[in-house]
Amino acid sequence: CAVPEQLAGREEALAAADVLWVGVLCPLLVAEQREKARGDRPVGNARGQFNLVHSFRGYDVEVDTSRCTPEDCAQTILDAIEARTI
């Protein structure tokens, strides 16, 4: 899997930018329920990738899509951006 190398390349490419790293999270059970409901992905991908996808870096802000509305998630991100510019 080339994910660590891809991430290193992205971080290098973005080094001069002011990047806010956002973790978009939900519990595994929710990810599995969403996977089944979508019906367009092989069942088991969510479980297979769950521990991998967020293991390569920390985040500046995290949102949990199982507990917050899309609007609340967006506001959390906007608040984090605003806090960085003060």
> Between Leu25 and Leu20, is there a shared hydrophobic cluster once you connect ILVMFWY residues whose side-chain heavy atoms come closer than 4.5 Å?
Replying inline: no
> Is there any salt bridge (Lys or Arg N to Asp or Glu O under 4.0 Å) pair reaching into residues 20-30, and which pairs are they, with sequence neighbours excluded?
Replying inline: none
> What residues form a ring pair (Phe, Tyr, Trp, His ring centres under 6.0 Å) with Tyr59, not counting sequence neighbours?
Replying inline: His54
> Who passes side chain to side chain donor-acceptor pair (under 3.5 Å) against Arg67, sequence neighbours left out?
Replying inline: none
> Do Thr65 and Cys73 come close enough that some side-chain heavy atom pair is under 4.5 Å?
Replying inline: yes
> Is Phe56 reachable from Val53 through a run of hydrophobic residues whose side-chain heavy atoms are each under 4.5 Å from the next?
Replying inline: no
>> Strictly by salt bridge (Lys or Arg N to Asp or Glu O under 4.0 Å), give each pair with a member in residues 40-55 just once, sequence neighbours left out.
In response: Glu32-Arg47
>> Connecting only ILVMFWY residues whose side-chain heavy atoms lie within less than 4.5 Å of each other, what is the rest of Leu28's hydrophobic cluster?
In response: Phe50
> What residues form a side chain to side chain donor-acceptor pair (under 3.5 Å) with Asn51, not counting sequence neighbours?
Replying inline: none
>> Give me the atom names and distance for the closest heavy-atom approach of Val30 to Ser66.
In response: CG2-CB, 3.9 Å
> Between Arg84 and Asp60, which heavy-atom pair has the shortest distance, and what is it?
Replying inline: NH1-OD2, 3.5 Å
> When clusters are formed by joining ILVMFWY residues with side-chain heavy atoms under 4.5 Å apart, either directly or through shared neighbours, do Ile77 and Val24 land in the same one?
Replying inline: yes
